[in-house]
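Since the structure comes first, as structure tokens, the remarks are kept for the end.
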Amino acid sequence: MIFLFRLLREGQFWYVLLVIIALILAYRFTSVNENIFNSIERPFLAVFSPIHDFFSTIVNFIANKVASVKDIFYLKSQNEILKKKIEELSPYQKIYYELKTENEKLRRMLDLKQKTYDFDLEAAEVIGRDPGNWSNIVIIDKGTNSGVYKNMAVISEDGLVGYTVDVGKNWAKVLIITDNRSSISAMIQRTRDNGIVKGSVSPAPPGYIKMVYLPVDASIVKGDVVISSGIGGIVPKGIVIGEVVEVKKESDNLMKYAIVKPAVDFNKLEYVFVIKNYTYRE
Amino acid sequence: MSFLIIFQSTISPYIKIGGVNPDFFLIMLLSISIIKGPERGSLYGLAGGIIEDIIYGRFIGLNSLTKFLTCYITGWGTKNLFKGPVLFTIAFIFTGTLIYNLLYLIVNFMFIPFFEPRNIVLFFVYTAIVNAIFSPLVYNLVYKIEHFFDYYFNVKY
């Protein structure tokens with residue numbers, strides 16, 4: 001109140017009020033009519049994406065050099081760890097091949113067709129990120145010129161990154177799965193329980209995601225892998241989203257939720273793949 | 001200003017502290033508001049917010065309104081205060097970031113109906129602390145730049 005009175009007395013009340021009204025009107029126009037926002041955004045980003053590209057190339061170059069110098073000190077220990085991992089995993093490789101052949105045989109016996117995914121992938125470089133801490137949007141250097149359009153899933157070699165929400169000729173904005181506006185249909189790989197993966201919402205800590213609407217009797221445990229369920233049509237089925245770190249009951253005791261650690265390290269995201277025209281054949 | 005936003009967006013992931021980016025752009029805007037007062041500060045906040053909305057947003061209003069109001073309130077609140085010691089700068093930027101977070105939350109509720117915030121109190125305080133750590137550096141830089149421009153373009157004879 002004191003603030004408002006002072007504003008009135010100093011004659012700046014109308015200045016502040018006018019700007020607020022103008023911005024609310026700007027919000028109304030640009031959020032309802034996407035074309036208005038696109039006509040402002042496209043020329044702007046056409047100029048800024050090459051600058052973004054230039055900056056990110058320099059920063060990535062320096063970061064990679066620093067990382068490779070740091071890595072020298074860890075190479076020996078890393079080598080030992082990897083050797084141990086190979087020893088641990090080699091029996092599983094044999095089991096995997098055996099199970100694969102058995103599976104193929106059984107499928108043939110049951111006359112089931114092999115499930116296959118046809119992904120048309122477009123490699124892209126991350127050239128910019130939302131500078132704030134509230135939202136998670138990255139800009140990539142591929143757009144409609146490369147066949148990238150709105151609502152296409154974006155993945156990295158580790159798993160799901162997000163999906164495109166806005167596209168220009170040579171850029172696209174990708175809404176990351178940790179953004180609180182993001183929600184994706186998912187399932188637990190082991191138990192096949194379905195749910196929705198939402199961005200950083202309470203009580204998930206920053207950088208983690210929350211899987212909601214899980215059945216109360218679902219036997220989900222820490223370490224279970226979460227994959228996309230394919231429902232919704234944007235993200236194909238079977239893309240790794242992350243790993244369960246905690247499972248709890250909702251306050252109403254009717255549902256469960258899981259805190260999921262994303263498979264992708266979004267801090268180190270440099271290159272991604274946009275899934276173009278994915279088709280699911282059965 | 002635009003270059004600083006781009007610089008911030010490319011470099012910030014590499015200097016995260018406990019999962020939080022120092023928001024150099026916000027610190028710069030708050031420093032301008034402290035040095036130049038509410039009118040000039042809010043105009044910088046408005047311009048910076050609009051650029052941020054266009055580059056990273058999906059509509060105009062969210063960042064522009066939040067940054068405009070934050071800069072105005074910070075500039076207005078610190079107008080008649082003594083700004084000498086570094087500790088004061090740290091306190092101003094800390095408070096300014098808290099105001100920004102609070103306004104962002106309110107504007108988000110206004111503009112995004114399905115907005116569901118995360119662990120607010122911890123996030124509010126933590127981002128404010130991270131920004132406060134970097135504030136003396138940015139504030140001094142902004143002060144020197146503003147001083148330089150004032151000296152060369154605003155000298156009264």
Side-chain angles (χ1 to χ4, degrees), chain A residues 3 6-7 10 12 15-16 19-20 23-32 34 37 40-41 44-45 48 51-52 54-56 58-60 62-63 66 127-135 137-139 165-166 173 175 180-181 183 198-207 266-269, chain B residues 2-14 16 18-21 23-26 38-39 42 46 49-66 68-69 72-73 76-77 101 104-105 107-108 110-112 114-120 122-123 126-127 130:
Chain A
F3 177 65
R6 284 258 175 97
L7 269 184
E10 288 170 17
Q12 287 177 349
Y15 157 67
V16 176
V19 175
I20 292 173
L23 286 174
I24 290 172
L25 286 174
Y27 158 73
R28 287 291 303 163
F29 283 121
T30 51
S31 65
V32 174
E34 229 172 58
F37 184 66
I40 303 167
E41 170 198 50
F44 219 90
L45 274 163
F48 274 89
I51 304 167
H52 243 309
F54 174 72
F55 263 95
S56 70
I58 293 171
V59 172
N60 287 341
I62 297 166
V66 172
I127 56 167
R129 291 156 201 270
D130 196 323
N133 285 303
W134 280 93
S135 55
I137 282 183
V138 293
I139 301 173
V165 287
D166 218 347
K173 289 181 188 175
L175 188 74
N180 51 37
R181 291 164 287 184
S183 69
K198 297 181 106 185
S200 297
V201 288
S202 187
F266 297 107
N267 292 330
K268 291 174 185 163
L269 202 60
Chain B
S2 313
F3 280 104
L4 188 72
I5 297 176
I6 292 170
F7 174 77
Q8 154 89 15
S9 89
T10 45
I11 204 144
S12 62
Y14 297 101
K16 268 194 172 179
V20 169
N21 299 321
D23 197 338
F24 292 113
F25 186 58
L26 178 67
E39 298 85 6
S42 62
L46 179 67
I50 290 174
I51 296 170
E52 230 178 292
D53 274 336
I54 294 170
I55 300 181
Y56 303 103
R58 294 167 73 187
F59 53 81
I60 291 171
L62 185 65
N63 286 301
S64 36
L65 185 56
T66 316
F68 168 77
L69 288 173
Y72 192 90
I73 295 168
W76 182 82
N101 282 336
Y104 198 95
L105 193 71
V107 175
N108 247 307
M110 267 165 58
F111 288 172
I112 305 168
F114 51 86
F115 178 75
E116 203 180 325
R118 52 195 179 202
N119 209 336
I120 294 170
L122 203 71
F123 179 74
Y126 201 66
T127 47
V130 171

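Chain A is the first sequence line, chain B the second, and so forth, proteins listed ahead of strands; every chain is numbered from 1.
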Checklist entry - With sequence neighbours excluded, what pairs up with A/F37 under the ring pair (Phe, Tyr, Trp, His ring centres under 6.0 Å) test? => result none
Next on the checklist: Please report the interatomic distance OH(A/Y27) to CG(B/L65), rounded to the nearest 0.5 Å.
Outcome noted: 11.5 Å
Item to check | Partner chain B: residue of A/I40, A/L25, A/I20, A/V165 with the largest heavy-atom pair count (under 4.5 Å) | outcome: A/V165
Next on the checklist: Quick check: closest heavy atoms across B/S64 and A/L23, and the distance to 0.1 Å?
Outcome noted: OG-CD2, 3.6 Å
Checklist entry - Any side-chain heavy atom of A/V19 within less than 4.5 Å of one from B/L69? => result no
Item to check | Partners meeting side-chain hydrogen bond (donor to acceptor under 3.5 Å, both in side chains) with B/N101 (sequence neighbours left out) | outcome: A/W134, B/T127
Checklist entry - Quick one: are B/Y56 and A/I139 in side-chain contact, heavy atoms under 4.5 Å? => result yes
Checklist outcome for this item: dist B/I60:CD1 -> A/F29:CZ (nearest 0.5 Å) comes out at 12.0 Å
